[in-house]
Amino acid sequence: MPSDTLAPRPASATAPPDDGTDRTVPRIVPRRRTGQWAAAAAVLVLLALVLRSVIRNDAFQWDVVADYFLTTAVLRGLGLTLWLTAAVMALGFVLGTLLATMRLSANPVLRGVSWGYVWLFRSMPVLVQLLFWFNIGALYPTILGIKTVHLLGPVTIALIGLTLHEAAYAAEVVRGGILSVEAGQLEAAQSLGLGAWRRLRRIVLPQAMRSIVPPAGNMLIGTLKGTSIVSVIAVQDLLYSVQLVYHRTYQVIPLLLVATLWYIAVTSVLGAGQYYLERHYARGTAGAR
């Protein structure tokens with residue numbers, strides 16, 4: 001009578017034949033990158049030598065840098081630089097968004113005006129624009145019965161010139177961000193009956209910000225450094241403030257280092273803010289990190 005249970009197979013039937021070969025899985029060894037490590041060591045040595053020469057070079061006068069770093073004149077100039085940067089970026093992007101909307105309009109007149117503005121102000125160096133505005137009194141001595149000499153001071157001229165220049169670049173940044181949004185998103189919003197303003201605010205801009213934030217962050221840092229050009233029209237920004245000091249003390253190098261260190265510090269803070277803002281808008285995408 002046959003058994004209902006299966007008899008176990010002999011071990012010799014399941015085990016592979018022992019032919020004397022070693023079947024151990026080979027260990028993966030990473031490739032040695034001797035050249036790269038040697039190059040990295042050489043770069044570190046070179047950086048250490050440069051840093052040592054900067055620190056130990058008495059010509060930099062680091063004690064003078066420390067004395068003037070937190071003086072009232074320097075901090076006042078830094079405050080004006082920060083205010084001018086914030087105001088120019090805010091007004092520039094407001095005007096730039098309007099220009100970008102005009103450029104994407106179906107009206108050929110609006111498209112033409114927007115294109116002409118961007119073409120003109122991107123073609124002119126910002127220093128030339130500031131000098132034109134500084135000499136506006138030679139072209140229009142009075143505006144609405146008010147003398148332009150009393151109407152436009154150096155700070156106002158700097159704000160107008162930099163804002164008009166910044167708006168031309170902001171318009172292209174915003175336009176590129178809007179164009180990065182898929183057309184299907186707009187079609188879906190239209191099918192839901194959303195108005196144009198609500199589509200822009202709730203659908204387009206949140207998605208466009210992923211493309212707008214990186215170049216806008218670069219523009220912000222560029223504007224911060226670009227405000228130093230207003231010193232040519234006697235606006236007492238950070239650079240002009242240290243210039244006033246070293247024209248009196250003849251300590252040019254340490255005062256320029258004071259301005260440089262402040263620019264580096266503020267730029268580093270703005271760069272960190274840009275990183276977290278990019279990560280915020282990149283949530284749920286491959287760009288999130």
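Since the structure is predicted, the reported quantities are computational estimates derived from the model, not experimental observations. Because only heavy atoms are used, hydrogens play no part in the values below, and waters and symmetry mates are left out as well, while side chains stay in.
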Less than 4.5 Å apart, any side-chain heavy atom of [X] and any of [Y]?
X	Y	value
Trp262	Leu75	yes
Phe134	Val232	no
Leu238	Leu80	no
Phe60	Val65	no

[X] versus [Y], closest heavy-atom pair with distance:
X	Y	result
Gly92	Thr163	N-CG2, 3.8 Å
Ser228	Tyr263	CB-OH, 3.5 Å
Tyr117	Ala167	OH-CB, 3.8 Å
Leu159	Ala87	CD1-CB, 3.7 Å
Pro214	Met209	CD-O, 4.4 Å
Asp237	Ser241	O-OG, 2.7 Å

Please determine whether the number of non-hydrogen atoms from other residues, nucleotides or ligands lying under 6.0 Å from atom CZ of Phe132 exceeds 12. no

Taking atom CG as the centre, does Asp63 end up with more than 12 heavy-atom neighbours from other residues, nucleotides or ligands that are less than 6.0 angstrom away? yes

Give a yes or no on whether the backbone of [Y] and the side-chain of [X] come within a donor-acceptor separation of less than 3.5 Å.
X	Y	result
Thr227	Leu224	yes
Gln61	Ile253	no
His280	Tyr276	no

Do [X] and [Y] sit in one hydrophobic cluster, given that two such residues count as connected whenever their side-chain heavy atoms are within less than 4.5 Å of each other, even indirectly?
X	Y	result
Leu47	Trp37	no
Val269	Phe69	no
Val235	Leu91	yes
Phe121	Leu139	yes
Leu257	Leu70	yes

Hey, can you tell me if Tyr169 and His165 have their rings parallel, tilted or perpendicular (30° and 60° cut-offs)? tilted

Set of residues satisfying ring pair (Phe, Tyr, Trp, His ring centres under 6.0 Å) with respect to Trp83, sequence neighbours excluded: none

With rounding to the nearest 0.5 Å, note down the distance linking [atom1] in [X] to [atom2] in [Y].
X	Y	atom1	atom2	answer
Leu130	Asn135	CG	CG	11.0 Å
Lys225	Leu220	NZ	CG	11.0 Å
Leu99	Leu104	CG	CG	11.0 Å
Met219	Phe93	CE	CZ	4.5 Å
Thr260	Leu239	OG1	CG	9.0 Å
Leu270	Thr223	CG	OG1	10.0 Å

Pair Val245, Val258 - check side-chain contact (heavy atoms from CB on, under 4.5 Å), show working. CA-CA 11 Å; Val245 177; Val258 169; over 6 Å; no

Evaluate the side-chain contact (heavy atoms from CB on, under 4.5 Å) criterion for residues Leu164 and Ile160: first the C-alpha distance (whole Å), next the side-chain angles of each, then the deciding distance (0.1 Å), finally the verdict. CA-CA 6 Å; Leu164 295 178; Ile160 293 174; 3.9 Å; yes

Just do the side-chain contact (heavy atoms from CB on, under 4.5 Å) check on Asn218 and Gln274 with the steps written out, would you? CA-CA 9 Å; Asn218 292 332; Gln274 177 185 350; 4.0 Å; yes

Between Val118 and Arg175, does the side-chain contact (heavy atoms from CB on, under 4.5 Å) criterion hold? Intermediate values first, please. CA-CA 12 Å; Val118 173; Arg175 185 173 71 92; over 6 Å; no

Here the salt bridge (charged side-chain N to carboxylate O under 4.0 Å, His left out) pairs for residues 104-126, sequence neighbours left out, are none

